There are 2 protein chains.
Amino acid sequence: MSGLDFDSDGRRLLDQLFDKWSLLVLEALCDRPRRFNELRQHLPAITPKSLTTCLRRLERNGLIERLVVSTDPVAIEYRITDLGRSLESPLQAMLRWVVDHLDVVEAARSDYDERRTRSEETRSVPEWLHRT
Amino acid sequence: MSGLDFDSDGRRLLDQLFDKWSLLVLEALCDRPRRFNELRQHLPAITPKSLTTCLRRLERNGLIERLVVSTDPVAIEYRITDLGRSLESPLQAMLRWVVDHLDVVEAARSDYDERRTRSEETRSVPEWLHRT
DNA sequence: CAGTATCCCAATGGATACTG
DNA sequence: CAGTATCCATTGGGATACTG
C-alpha cells in the first residue's frame with residue numbers, strides 16, 4: 001500500500017536509466033532523431049566515449065534505435081522508440097521540475113551550509129556536499 | 001524550442017538528485033515521515049553509510065527535513081518538505097513507469113543481447129551491458 | 001562522420017566495526 | 001537508536017589520440 005514495491009530489479013533498472021547522461025540524451029531524442037555528432041553538440045560536455053556508452057545502453061533497454069540510413073555517405077541516426085516515447089512525459093516532468101526549482105534548491109543549499117558553518121565553527125563543511 | 005535548456009547547473013543538480021538511493025528514499029518519505037531504521041528496513045539493501053549520505057543530501061537540497069522529536073528517548077524523524085512534496089508527482093510517475101515496464105525492458109535486453117551474440121560469434125557481449 | 005582504444009582519476013558505495 | 005569511522009573494490013566518466 002505504500003506505493004511502489006521496489007525489489008532489486010527495480011533498483012538496478014533505475015541505475016541504468018539514470019546514469020549521468022541518459023535522461024538528457026533521451027530528451028534530445030524525444031525532440032527529433034539525431035546523429036552522433038548532433039548529440040555531441042547538443043550536450044557540450046559529453047565525451048564521445050560517454051555518449052557511446054549511453055547510447056548503447058538506451059538502445060539495449062529498447063528506448064532508442066540505431067538506424068543506418070542508406071544515403072550516399074551512410075548516415076547513422078538515433079531515434080526514440082515507442083517504448084522510449086512512453087517515458088517522455090514522466091521524463092519531461094522531472095526535467096521541468098529541475099529547471100523550475102534550480103534556484104530554490106540552490107538557496108536551500110546555501111542555507112544549509114551557512115547554518116552548518118555557523119553552528120560549528122570547528123568542523124568545516126564536508127566538501128562532498130559542496131560540488132554544487 | 002527543443003524543450004529544456006540544460007546548462008551545467010542543471011546537469012549537476014541532476015547528479016545530486018539521482019544518486020543511487022535518493023529517489024527511493026524520497027518516495028518512502030512521501031508516504032509518511034520515517035526514522036532512520038525504518039528506512040533501513042524499507043530499503044533492505046542500503047547500508048547505514050549510504051543512507052546517511054543520501055539523507056544529508058536530500059536535506060541539504062531542501063527536499064526533506066531532519067526533526068528531533070522530544071519524546072522520552074528522543075526520536076529522530078525525517079519528513080518531506082513542501083519542496084520535496086512538489087517533486088512527488090513527477091517522481092511517482094517515473095517510478096511507476098519503471099515498474100510498469102520492467103518486463104518489456106527486460107525483454108528488449110534479452111533481444112539485444114541475443115542479436116549481438118548471434119551476429120558476432122567471436123566477440124562476446126561486453127559484460128558491462130549485462131549487469132541487469 | 002561515428003565511433004574505438006587507452007590511460008587514469010575521483011567518487012560512489014559496499015562491508016564491517018564501533019559509539020554517544 | 002542513529003549514526004560515524006575505516007577500509008577497500010568497482011566504476012563512471014574525463015582527456016586524448018587514433019581509425020574504418
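The sequence lines fix the lettering, A, B, ..., with proteins before strands; numbering per chain opens at 1. Predicted, not measured: the structure shown is a model, and the values here were computed from it.
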OP1, OP2 of [N] versus side-chain N and O of [X]: anything below 4.0 Å?
| X | N | answer |
| --- | --- | --- |
| T47(A) | dG14(D) | yes |
| R57(A) | dG13(D) | no |
| T53(A) | dG12(D) | no |
| R66(B) | dG3(D) | yes |
| S50(B) | dG14(C) | yes |

To the nearest 0.5 Å, tell me how far [X] [atom1] sits from [Y] [atom2].
| X | Y | atom1 | atom2 | result |
| --- | --- | --- | --- | --- |
| F18(B) | M94(B) | CZ | CE | 7.5 Å |
| S22(B) | L91(B) | OG | CG | 10.0 Å |
| R66(A) | L55(A) | CZ | CG | 9.5 Å |

Residue pair P48(B)/N37(B) against DNA chain D: nearer the 5' end by closest nucleotide is N37(B)
Residue whose nearest DNA chain C nucleotide is more 5′ - Y78(A) or K49(A): Y78(A)
Applying a 3.5 Å limit to both distances, which nucleotide forms a Watson-Crick or G-U wobble pair with [N]?
| N | value |
| --- | --- |
| dA15(D) | dT6(C) |
| dT10(D) | dA11(C) |
| dC1(C) | dG20(D) |

[atom1] of [X] versus [atom2] of [N]: gap in Å, rounded?
| X | N | atom1 | atom2 | answer |
| --- | --- | --- | --- | --- |
| F18(B) | dT12(C) | CZ | P | 16 Å |
| L67(A) | dA2(C) | CG | C1' | 15 Å |
| R11(A) | dT12(C) | CZ | P | 15 Å |
| D19(B) | dG14(C) | CG | C1' | 14 Å |
| I46(B) | dT4(D) | CD1 | P | 14 Å |
| K20(A) | dG13(D) | NZ | P | 6 Å |
| L55(B) | dG13(C) | CG | P | 13 Å |
| R56(B) | dT12(C) | CZ | P | 16 Å |

So which heavy atom on L83(B) is nearest to which on N61(B), and how close? CD2-O, 3.6 Å
Shortest side-chain distance from R35(B), nucleotide among dC1(D), dG14(D), dG13(D): dC1(D)
Output the single nucleotide from dG14(C), dG14(D), dT4(C) whose closest atom is nearest the side chain of T52(A). dT4(C)
Is the backbone of C30(A) close enough, under 3.5 Å, to the side chain of R85(A) for a donor and an acceptor to pair up by distance? yes
Taking side chain as C-beta onward, heavy atoms only, is R56(A) less than 4.5 Å from Y112(B)? yes
Just checking R40(A): base, sugar-phosphate only, or nothing, at a heavy-atom cut-off of under 4.0 Å? nothing
